[in-house]
Amino acid sequence: MVTTRTPLIAGNWKMNLDHLQAIAFVQKLAWSLKDAKHDFESVEAAVFPPFTDLRSVQTLLDADKLVLALGAQDLSAQDSGAYTGEISGRFLSKLDVRYVLVGHSERRTLHAEDDGVVATKVAAAHRSGLVPVICVGETAADLEQHGPSAVPVAQLRAALAEVPASAEIVVAYEPVWAIGSGQAATAEQAGQVCSALRTALADVAGSDAAAATRILYGGSVKSSNIASFMREPDVDGALVGGASLDVDEFASIVRFQAHVGV
Ligand code: 13P
């Protein structure tokens, strides 16, 4: 089937760069991509700064008419009310945030977010008009015990429990053992799991939705390995952590088409 999935390169800054650093970084990134005549329509680039940076980055993107997309790293399962410290998806929408990470492995591990919490956050994102980037992935122990796709597929099915089949989503396959380890999955491993995720999506949401949904790979992505991932038919982009904090490196990942001839 011919699809029109625009590749998405997303930079998850995690808890790095304050709002002043964020402004300087985004300006430099936009100049670097413009200088290189990057075609933003052929590869979408998005940054996911900490909450406290979002307003500053939004203002910059708006003032300079920059076509970088803005994402947040988490959201509340609730829309408003007595939830001290939480951030509503509605507030994020007002800041022109388009994407929001849900179920990143660091949230699952360090903040005890289980599949039920992830499903309610996916629903909250959808209610607020945000596109959830649903993060799934197995640990090294899961891999040994269940093989490569079982855990990510089960996590994806659970995450979709509270949204209609028509909800726009992005899926990010991030094997936990590959995050921040410098040891990326092989392109073949990533391709196989992304293919299994697409099959599960077709089962849950229908084959048209599955064909239209972008599935990203994440885990030690760099400019030197992005090309191999992007050659896999079911990999539609990357969720980049460490390498997204270096302007030249991230710009080079976004421009993977220019230097590898994919
Ligand atoms: P690294 O690219 O640093 O491995 O991080 C991946 C990640 O967790 C992105 O969300």
Side-chain angles (χ1 to χ4, degrees), residues 7-17 22 25 29 43-51 53-54 57 68-75 92 97-111 113 117-118 121-122 125 130-140 142-143 148 151-152 155-156 159 169-187 189-191 193-194 197 214-230 232 235-256:
L8 171 63
I9 304 293
N12 173 13
W13 296 0
K14 308 191 179 183
M15 198 171 70
N16 294 290
L17 306 184
F25 183 97
L29 176 63
V43 178
E44 186 181 3
V47 291
F48 289 68
F51 287 129
D53 300 3
L54 289 173
V57 175
L68 294 167
L70 194 53
Q73 298 176 17
D74 184 30
L75 84 168
L92 299 174
V97 168
R98 173 155 168 68
Y99 299 105
V100 60
L101 301 183
V102 180
H104 189 279
S105 80
E106 287 147 21
R107 302 287 320 168
R108 291 181 191 260
T109 309
L110 304 172
H111 299 269
E113 291 194 7
V117 171
V118 171
K121 289 192 171 191
V122 168
L130 301 165
V131 177
V133 177
I134 302 171
C135 302
V136 298
E138 81 288 357
T139 62
D142 292 333
L143 184 63
V151 167
Q155 287 174 337
L156 179 60
I169 60 161
V170 171
V171 180
Y173 167 54
E174 297 204 303
V176 179
W177 47 268
I179 295 177
S181 67
Q183 197 204 335
T186 65
Q189 281 172 320
V193 178
C194 290
L197 289 167
R214 290 173 295 180
I215 304 181
L216 317 181
Y217 166 75
S220 298
V221 170
K222 298 180 280 226
S223 61
S224 57
N225 62 19
I226 182 68
S228 62
F229 293 115
M230 296 308 295
E232 292 294 320
V235 177
D236 305 311
L239 183 55
V240 187
S244 77
L245 298 169
D246 177 317
V247 173
D248 295 333
E249 179 69 2
F250 188 63
S252 180
I253 295 171
V254 171
R255 297 181 56 251
F256 70 91

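Atoms within each ligand, like the ligands themselves, are counted from 1 in listed order. A quick note: this is a predicted structure, and the numbers were derived from the prediction, not measured.
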Any atom of ligand 1 sitting under 4.0 Å from a heavy atom of [X]?
X: A10; answer: no
X: G218; answer: no
X: G180; answer: yes
X: K222; answer: no

So is there a nitrogen or oxygen of [X] less than 3.5 Å from a nitrogen or oxygen in ligand 1?
X: E106; result: no
X: K14; result: yes
X: G219; result: no
X: V240; result: no

Problem set entry | Minimum-distance pair of heavy atoms, taken over all atoms of Y217 and P175 |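 Result for this residue pair: CE1-CD, 3.6 Å.
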For this session: Measure across P50 and K14 and return the closest heavy-atom pair with its distance rounded to 0.1 Å.
Result: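 Taking every non-hydrogen atom into account, CG-O, 3.6 Å.
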For this session: Keeping to residues at least two apart or across chains, list the salt bridge (Lys or Arg N to Asp or Glu O under 4.0 Å) pairs with something in residues 214-227.
Result: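 Those involving residues 214-227 are E44-R214.
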Against heavy atoms of [X], which atoms of ligand 1 measure under 4.0 Å?
X: G242; answer: 1 (P), 2 (O), 3 (O)
X: L239; answer: 9 (C), 10 (O)
X: E174; answer: 6 (C), 7 (C), 8 (O), 9 (C), 10 (O)
X: A178; answer: 4 (O)
X: N12; answer: 9 (C), 10 (O)

Problem set entry | H104: which of Q73, E174, H111 passes side-chain hydrogen bond (donor to acceptor under 3.5 Å, both in side chains) |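 The side-chain hydrogen bond (donor to acceptor under 3.5 Å, both in side chains) with H104 is passed solely by E174 among Q73, E174, H111.
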For this session: Check side-chain contact (heavy atoms from CB on, under 4.5 Å) between V176 and all other residues, then give those that pass, not counting sequence neighbours.
Result: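 Partners of V176 by the side-chain contact (heavy atoms from CB on, under 4.5 Å) criterion, ordered by chain and then number, come out as S105, T139.
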Problem set entry | Whether Q155 side chain and G137 backbone form a donor-acceptor pair below 3.5 Å |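 Indeed, once roles are kept as given, a pair shorter than 3.5 Å links the two residues.
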Exercise. Within the distance-only criterion (no hydrogens, no angle test), does the side chain of D236 pair as donor or acceptor with the backbone N or O of V170 below 3.5 angstrom?
Worked result: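 Judged by distance alone, no pair lies under 3.5 Å.
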Exercise. Does a side-chain heavy-atom distance below 4.5 Å link D74 with K121?
Worked result: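 Yes, close enough: below the 4.5 Å cut-off.
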Exercise. Using the ring of each side chain (for Trp, its six-membered ring), is F25 parallel, tilted or perpendicular to W13, with breaks at 30° and 60°?
Worked result: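 The rings of F25 and W13 stand perpendicular, inter-plane angle above 60°.
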For this session: Do me a favour and list the nearest non-hydrogen protein atom to atom 2 (O) of ligand 1 with residue, atom name and distance?
Result: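 Answer, as residue, atom name and distance: G241 N, 2.9 Å.
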